[in-house]
Amino acid sequence: MSSAKLQELQKLSVRELKEKCRESKMKVGGTKGELLMRLCGMEKEKPKASRRMSVQAVNKWLEREGVNDPERVSKCLRAGIQKGYVDISGDSPLDNVFAEGQCSACENDIKATIRDLLYQPDYAGLDYEDGGLEATVKCPDEDCGAGVYVTRICCGSHEMDCGKFHNHCIACPGFGKCIGDYREEHCTSCGKHFFAGSGGQFPCSCTRSASEMFFPFF
Ligand SMILES: [Zn+2]
Ligand SMILES: [Zn+2]
Ligand SMILES: [Zn+2]
Ligand SMILES: [Zn+2]
């Protein structure tokens with residue numbers, strides 16, 4: 001767009017600019033400045049709207065990258081991709097190194113690619129007691145081989161963990177979110193998270209009276 005054209009547009013009223021937007025099948029909301037930018041094709045995308053993908057878009061993207069069963073892919077990872085916390089640029093994005101850290105058992109350096117994290121369990125439970133047998137990321141040292149979890153991918157503040165604090169709630173809407181400690185649970189009554197204890201012995205404060213009514217043997 002030439003600057004002469006822009007000057008031409010600047011002379012128009014907001015109402016006239018909106019009319020032009022409508023003619024070009026563009027959105028008609030916003031200030032005069034925003035309308036001008038839109039008509040010149042220079043409108044800045046709102047960062048939030050452009051960064052967040054839909055649930056379907058994430059699954060489609062995984063399929064395009066050769067993942068046959070996106071529904072089985074870690075929801076923590078998918079939430080991280082959805083929110084733009086995972087770098088999916090490049091020719092072979094699944095091989096991008098996403099996390100780096102140290103093995104908690106032998107202090108070896110560990111790198112985890114997106115591919116390594118595809119099928120990482122969203123809930124590690126008591127796996128930390130067994131050295132991370134279920135973890136998909138392993139220490140590269142053959143004598144060690146300890147499993148590590150990359151947690152909080154969905155929060156944009158990921159870190160490597162033995163698994164004790166890797167607890168991504170899949171009962172939350174969408175892909176869910178990380179809630180930390182393995183003893184935290186999602187309350188199906190109030191939708192909040194609460195400390196349930198290692199054997200789920202503590203009810204959520206919202207249901208305490210109800211559970212006492214329905215389960216008098218508690
Ligand atoms: Zn190790
Ligand atoms: Zn939840
Ligand atoms: Zn998470
Ligand atoms: Zn509750």
Side-chain angles (χ1 to χ4, degrees), residues 51-55 57-59 61-62 67 70-88 96-198 200 202-207:
R51 274 183 65 196
R52 194 182 172 98
M53 296 162 78
S54 69
V55 166
V58 173
N59 290 341
W61 179 82
L62 285 163
V67 177
E71 282 301 333
R72 280 187 52 237
V73 168
S74 152
K75 288 197 172 180
C76 190
L77 177 66
R78 284 191 280 164
I81 294 172
Q82 179 184 35
K83 294 173 184 167
Y85 296 143
V86 181
D87 175 16
I88 55 170
N96 289 354
V97 172
F98 173 69
E100 291 181 68
Q102 271 191 334
C103 174
S104 52
C106 76
E107 299 192 345
N108 228 298
D109 289 335
I110 301 183
K111 284 184 180 154
T113 63
I114 299 175
R115 195 183 300 282
D116 293 330
L117 297 167
L118 288 175
Y119 304 108
Q120 170 175 272
D122 281 323
Y123 178 62
L126 292 173
D127 193 30
Y128 71 94
E129 290 186 349
D130 300 323
L133 293 177
E134 307 291 329
T136 55
V137 179
K138 305 281 188 200
C139 174
D141 187 291
E142 277 179 31
D143 295 328
C144 175
V148 287
Y149 288 85
V150 179
T151 192
R152 297 192 173 275
I153 303 171
C154 64
C155 311
S157 57
H158 65 274
E159 52 189 317
M160 286 195 178
D161 179 70
C162 61
K164 187 170 180 181
F165 295 96
H166 179 56
N167 183 2
H168 178 90
C169 179
I170 57 170
C172 272
F175 287 133
K177 63 178 175 197
C178 272
I179 55 177
D181 194 290
Y182 73 103
R183 292 162 294 188
E184 289 282 323
E185 261 181 42
H186 182 103
C187 173
T188 49
S189 298
C190 71
K192 291 189 181 136
H193 301 123
F194 65 100
F195 186 82
S198 50
F202 304 118
C204 177
S205 58
C206 82
T207 59

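Starting from 1, each residue takes its place in the sequence as its number. The figures that follow rest on heavy atoms only: side chains count, while hydrogens, waters and symmetry mates do not. As the structure lists them, so they are numbered: ligands from 1, and atoms in each ligand from 1. Nothing here was measured: the structure is a model prediction, and the numbers come from that model.
N59 and R78 share a side-chain donor-acceptor pair at under 3.5 Å. Side-chain polar atoms of S74 and D122 form a donor-acceptor pair below 3.5 angstrom.
The Zn ion (ligand 1) is the vertex of the angle joining SG of C103 and SG of C106, which measures 110° to the nearest 10°. The angle C178:SG - the Zn ion (ligand 3) - C154:SG amounts to 110°, with values rounded to 10 degrees.
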Checklist line | Worked check of side chain to side chain contact (heavy atoms under 4.5 Å, CB included) between H186 and I179 | finding: CA-CA 9 Å; H186 182 103; I179 55 177; 5.5 Å; no
Check: Which is it for T136 and L118 under the side chain to side chain contact (heavy atoms under 4.5 Å, CB included) test, yes or no, and what are the steps along the way?
Finding: CA-CA 8 Å; T136 55; L118 288 175; over 6 Å; no
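Judged by distance alone, with hydrogens and angles left aside, the side-chain atoms of D161 form no donor-acceptor pair with the main-chain N or O of Y149 at under 3.5 Å.
H186 contributes atom ND1 as its closest N/O/S atom to the Zn ion (ligand 2). When the N, O or S atoms of H193 are ranked by distance to the Zn ion (ligand 2), NE2 comes first. In terms of distance to the Zn ion (ligand 3), the nearest N, O or S atom of H168 is named ND1.
Between the Zn ion (ligand 3) and C169 there is no N/O/S contact shorter than 2.8 Å.
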